[in-house]
J.: 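Okay, here's the structure, questions in a sec.
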There are 2 protein chains.
Amino acid sequence: MAEGEQSAKMAARRQAMLDAAAAVIFEVGYERASLAAIVRRSGGSLSTLYQLFGSKEGLFEAMIVERCACIMEELSSPDLSARGARAVLLAIGHAFMRVLLAPDALALWRMVMAEGIKFPRLPQIFFSCGPDRLHAKLAEYLHGLDQAGYARVPEPLFTAKSFCMLVHGDLYYRVVTGVRPQPEPAELAAHIERAIDMFCRIIQLAPAGEAGDSGA
Amino acid sequence: MAEGEQSAKMAARRQAMLDAAAAVIFEVGYERASLAAIVRRSGGSLSTLYQLFGSKEGLFEAMIVERCACIMEELSSPDLSARGARAVLLAIGHAFMRVLLAPDALALWRMVMAEGIKFPRLPQIFFSCGPDRLHAKLAEYLHGLDQAGYARVPEPLFTAKSFCMLVHGDLYYRVVTGVRPQPEPAELAAHIERAIDMFCRIIQLAPAGEAGDSGA
DNA sequence: GAAGAACTGTAATGTACGTTACATTATCTT
DNA sequence: AAGATAATGTAACGTACATTACAGTTCTTC
């Protein structure tokens, strides 16, 4: 049990350092984040940090990988339980926006954009953890709607990607760049509904609720 | 004429420094870019740089402002001369993507995302130079289509934004993050056409060419 | 063409920080 | 509980770089 305690404690320290790194780096950016500030926040020591992660770059990569998995997890299993295709799409849209607009997800995306050139693995990991999985699930669902005759989705994957584009829309850009504050729930809901309306016209989904109740 | 030559020469130096700053900063990022490297590239001297821009931050802001205006200019006057609404939308889509996918525009967008927290003016300038103007013009055009009865566009501005979203789509994200290379012209054209097809369904534009020849 | 201003090159300064080294303390094994 | 192992705190090292100071050079202007 002693050994277990040992590694458990080290694992906790490791996690604390990842959390501190995320907090500091997300706030000021990779280059401006100092390891001293991270250690000050996490507890432990600089020596331990170097032992666990090898370098500043190592810590950064580990932190981003961990954050990608953690933040994007919710996107990989969308909730398809609502009654009616439009309701399902609405639920997916809401879950999507809830994840995207979470402060950590905003910061993560900024990091991926900012440091993707220097750390090419990051965007790859980000896409495979997040968008790729969601697109695949969504495409599958849309294909089901098509097969069942409730909608016309000749290109499910492209259509799934377009769904995401319409839903996050201009709003996401403005929030992530900080030119506008987070939307109030009502505004967000209105935004999503308008996007879903458009999307339903794209796939020619019957506007009323009668279609798609068990579509996929 | 002597004074004119003087300031003309200084203006050229200033421009060279802005260009060099763009080249270096776009390549390695703001923090990693050294003023020495910029001066080495631009010619002139560090002293002149400080005289013209005051500080590294001053140079950076000036460079971004200049680049925003320069890169986004093409977007503010979309070409509406094509025959038929769908052809106009296609032309706008192509111009839009040509601008967005230019290497400098990709780098500019990365900078706005990366440094927007530290330099809040940058995203504001970026949006007002680029997206805001394009959205307004496009909304105006779409409203014209609606008035003429060629399409149904109850919310022109939101619809214009959605147009941009659909056109740049997932493709833009992947190129700007570097997870995929620039598309070949054929692939790009196919992407845009699919997006326009979808958009035409949204606004219920007649698929054939008979409508909208002088719609706006 | 000489006085003066503006521009340039280089060196100096101060600071911040990644990384390493080492002495000290805590933890685990037996 | 003693010895071995690992974690911590601190300090030192080297480097990179923004910013300033200054001496030399070129251009402007009368």
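Chain letters run A, B, ... following the sequence lines, proteins first and then strands; every chain starts at 1. What you see is a predicted model; the values in this text were computed from it and never measured. Values below: all heavy atoms of this structure, side chains included; hydrogens, waters and symmetry mates excluded.
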J.: Would you say the ring centers of A:Phe163 and A:His135 fall short of 6.0 Å from each other?
T.: no

J.: Would you confirm whether the ring centroid of A:Phe119 sits within less than 6.0 angstrom of the ring centroid of A:Tyr30?
T.: yes

J.: If you go through the side-chain atoms of A:Ser55, does one of them form a donor-acceptor pair with the base of C:dG18 closer than 3.5 Å?
T.: no

J.: Among C:dT19, C:dT8, D:dT19, which nucleotide has an atom closest to any side-chain atom of A:Leu35?
T.: C:dT19

J.: Starting from the 5' end of DNA chain C, give me the residue, A:Tyr30 or A:Ser47, whose nearest nucleotide shows up first.
T.: A:Tyr30

J.: B:Arg32 side chain N/O closer than 4.0 Å to the phosphate oxygens (OP1, OP2) of D:dA16?
T.: no

J.: Any side-chain N or O of A:Thr48 below 4.0 angstrom from OP1/OP2 of D:dA7?
T.: no

J.: Can you find a donor-acceptor pair, distance only, under 3.5 Å between A:Ser34 side chain and C:dG18 base?
T.: no

J.: Looking across every strand, which nucleic acid part, if any, lies under 4.0 Å from B:Ala33 by heavy atom: base, sugar-phosphate, or nothing?
T.: sugar-phosphate

J.: Can you check whether A:Gln51 has a side-chain N or O nearer than 4.0 Å to OP1 or OP2 of D:dA6?
T.: no

J.: Pairing donors with acceptors under 3.5 angstrom, does anything connect the side chains of A:Ser45 and A:Thr48?
T.: yes

J.: Can you figure out which of C:dG18, C:dT8, D:dT19 approaches the side chain of B:Ser45 most closely?
T.: C:dT8

